[in-house]
Amino acid sequence: MSNSKIININNKINSFNKTITVPGDKSLSIRWVLFASLANGTSKAKNLLMSEDVLATIEAIKKLGIKVIITKKECKIFGKGINGYKYKKLTINAKNSGTLGRLILGLLVNSTEPINLIGDKSLSKRDFKRVSDPLSKFGAKFELTKDNFLPLKINGSSNLKPIKYNEIRGSAQCKSSIIFAAMRTDGTTIIKAKKSRNHTELLCKHLKLPIITKNNKNFDEIKIKKIKKINTLNYDIPSDISSSAFFIVLTALSKSSELTIKNVNINPSRTGIITILKKMGVKIIFKNQKTYKGEKKADIKVVSAKNIKAINCPPELNSGAIDEFLVIFLVAAKAKGVSYFKDLGELNQKESPRLKWGEKILANLGVKTITTNNSIKIYGNPNLNLDFNKKITIKNYLKDHRVFMTSLIAALSFGGKWTIHDKDSINTSFPNFLRIIEDLNND
Ligand code: S3P
């Protein structure tokens, strides 16, 4: 493997039998930074994900006047209370992070100063109306580029009104942004939200904030009131199931291999990949299950799959696997039969249009697909194996970290001569991804 921005993979991975640890969960890391910035006093986190998305979140709260100290051992945030942000003329750069960009707007709805929000090329192509619409109902005002995009300007209001909102996309970013705005608003805000990851609600409950949730089959009802005070929160962030996903799939697709991934967050709103792969015949078990501050965690053990079955994926599993579909498609590529994934329009709203990327990567593998703007049919081939001379180049102009990592897993699983560009993209969520791959390949 080289050190340039391009990586060449010319061989499949050797069989392995290992235990690994992947970095801290991205969703929890970003949320911890934001909650800690509002707490009265010093909060400490261990195993905080040190990736660009989280560092951008730390930069953002520093600009809002909050002191942060990062050492090898921990990250310390010196919160100044719920109304402790101090700043003048401010531009926040959310870089590549939809989670930061959308969540922080919820916290800024009462800002007395206008604030600009910018992002990188990828984030500037993503929908921000999905948060500016509900936040406007509270009373904040927005100026968006072309009515939808970054750069945007938010003008907060000191006269916020609680809202009733129906969140229909299953977007945890929208839901969380509304919860943050509700924390600043007199009265009770009521959200009916299509199921999505619930880390924000669980953190609120752990912090004993005035939130009530009612879980129905397809949607959650959340009631939240204004918050006066947030206590400090020390947190040992469990590992990220979305980062683990690449290694779960690599193991499933490799010969005679076995892998244990330690201490992974297995919040049921995130384990869609496990349910889907088990339905496809992959053996995965959770060991040492524990509850930690309202979240669940476990070691994940996975072994090479012998007979992979096609799946007609139930759409209710979509939100729990939303960041994992690209790599799940690789498993479908090796399944016996035709797999079908539907109601997945949200995939094209991610760091790059990922449904389209699924189609492109599988086309490179010689796997037939039929794709619409919200579904993909994958014609699996249990004997999928590329000629070692087959040349494949992946250039991912929006630098989507998950496109890079999925391409690499495809190369290591199916063979061929791959040239994969934009290696730096892994810094968004998983800076030591390649080091773990190298360790797996070395006895
Ligand atoms: C996230 C929610 C998901 C996910 C993203 C992280 C979060 O986005 O894709 O990587 O931490 O809330 P949506 O809420 O837009 O589906």
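Just so you know, ligand 1 is whichever comes first in the structure, and atom 1 is the first atom listed for that ligand. Note that the structure is a prediction, hence the values are computed from the model and not measured.
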inquiry  = If the cut-off is 4.0 Å to any non-hydrogen atom of Gln173, which atoms of ligand 1 fall inside it?
reply    = 1 (C), 2 (C), 5 (C), 6 (C), 7 (C), 8 (O), 12 (O), 13 (P), 14 (O), 15 (O)

key: Arg197, portion touching ligand 1 at heavy-atom distance under 4.0 Å   = side chain

key: Residues which pass side chain to side chain contact (heavy atoms under 4.5 Å, CB included) with Val68, listed by chain and number, not counting sequence neighbours   = Ile58, Ile61, Lys62, Ile70, Cys75, Ile77

ask   = Can an N or O of Lys350 be found at a distance shorter than 3.5 Å from an N or O of ligand 1?
value = yes

key: Arg402-ligand 1 polar pair, N/O distance under 3.5 Å   = no

ask   = Looking at Thr393, Thr419, Ile394, Asp422, which hits side chain to side chain contact (heavy atoms under 4.5 Å, CB included) with Ile6?
value = Thr419

query = If you count the atoms of ligand 1 from 1 in the order shown, which ones are under 4.0 Å from a heavy atom of Ile322?
reply = 9 (O)

query = So, for Lys63 and Thr91, which heavy atoms are closest and what is the spacing to 0.1 Å?
reply = NZ-O, 2.7 Å

query = Just which atoms of ligand 1 are under 4.0 Å from any heavy atom in Ser27?
reply = 6 (C), 7 (C), 11 (O)

query = Can you tell me if NZ on Lys293 sees more than 12 non-hydrogen neighbours from other groups inside 6.0 Å?
reply = yes

ask   = Nearest heavy atom to atom 9 (O) of ligand 1: which of Val131, Leu347, Asn198, Asp323 does it belong to?
value = Asp323

inquiry  = Which residue and atom name correspond to the protein heavy atom nearest atom 6 (C) of ligand 1, and how close is it?
reply    = Thr99 OG1, 3.3 Å

query = Would Asn47 and Asp236 satisfy side chain to side chain donor-acceptor pair (under 3.5 Å), going step by step from the backbone distance to the final call?
reply = CA-CA 6 Å; Asn47 201 36; Asp236 194 350; 5.1 Å; no

task = Report the distance from atom CD1 of Ile274 to atom CD1 of Ile284, rounding to the nearest 0.5 Å.
result = 4.5 Å

request  = Return the set of residues passing ring-ring contact (aromatic ring centres under 6.0 Å, His included) with Tyr235 (not counting sequence neighbours), or none when no residue passes.
outcome  = Tyr292

query = Going by distance only, is there an N or O of Cys174 that falls short of 3.5 Å from an N or O of ligand 1?
reply = no

query = Closest non-hydrogen protein atom to atom 12 (O) of ligand 1, residue and atom name please, with distance?
reply = Arg31 NH2, 2.6 Å

